[in-house]
Amino acid sequence: MEALYRVVSEHGSRQKARYSELRKRIPYDISHKMFSQHLSELEQVGIIERIVVEVKPLRVDYLLTAKGVSFANVLYFIRDWGRRTGDSP
């Protein structure tokens, strides 16, 4: 789940992003299966919205929900706190 927290915190806006764009933001290798599973979990708890775009080829976009933006703000706060206290790069 750490990988997805990073994606959410770095993509803390209401902009749509494709699966491949999100996956590129992960700083380490993660399998397609695991990444998809994490996205599905975030969708189930209401952090992201999965949008299927009916074009050929089929395209899937992801969007932070209002709850997701709120969650990203919490992650920003924790990140900033860590930077201020010297406990984070």
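Source: prediction; values computed, not measured. Residue numbers start at 1 and run along the sequence shown.
To the nearest 0.5 angstrom, Leu63 atom CG is 5.0 Å from Ile51 atom CD1. How far CZ of Phe35 is from CG of Leu22: 5.0 Å, rounded to the nearest 0.5 Å. Atom OG of Ser36 sits about 8.5 Å away from atom CZ of Arg50, to the nearest 0.5 Å. Here Arg23 contributes atom CZ and His32 contributes atom NE2; the two are 7.5 Å apart, rounded to the nearest 0.5 Å. Separating the CG atom in Asp61 from the CD1 atom in Ile48 is a distance of 11.5 Å, to the nearest 0.5 Å.
Taking each heavy atom of Val45 and Lys67 in turn, the nearest pair found is O-NZ, 2.6 Å. In terms of heavy atoms, Glu21 sits closest to Lys16 at OE1-O, 4.3 Å. Residues His38 and Ile30 share a closest heavy-atom pair of CD2-CD1, 3.9 Å.
Between Arg59 and Arg18, the closest side-chain pair of non-hydrogen atoms falls below 4.5 Å. Here the side chains of Val52 and Glu54 are in contact, with some heavy-atom distance below 4.5 Å.
In this structure, Trp81 is not a member of the same hydrophobic cluster as Val74, with clusters built from ILVMFWY side-chain heavy atoms closer than 4.5 Å.
Taking the six-membered ring where tryptophan is involved, the planes of Tyr62 and Tyr19 are tilted, since the angle between them lies from 30° to 60°.
The main-chain N or O of Ile47 is found under 3.5 Å from a side-chain atom of Thr65 such that the two form a donor-acceptor pair.
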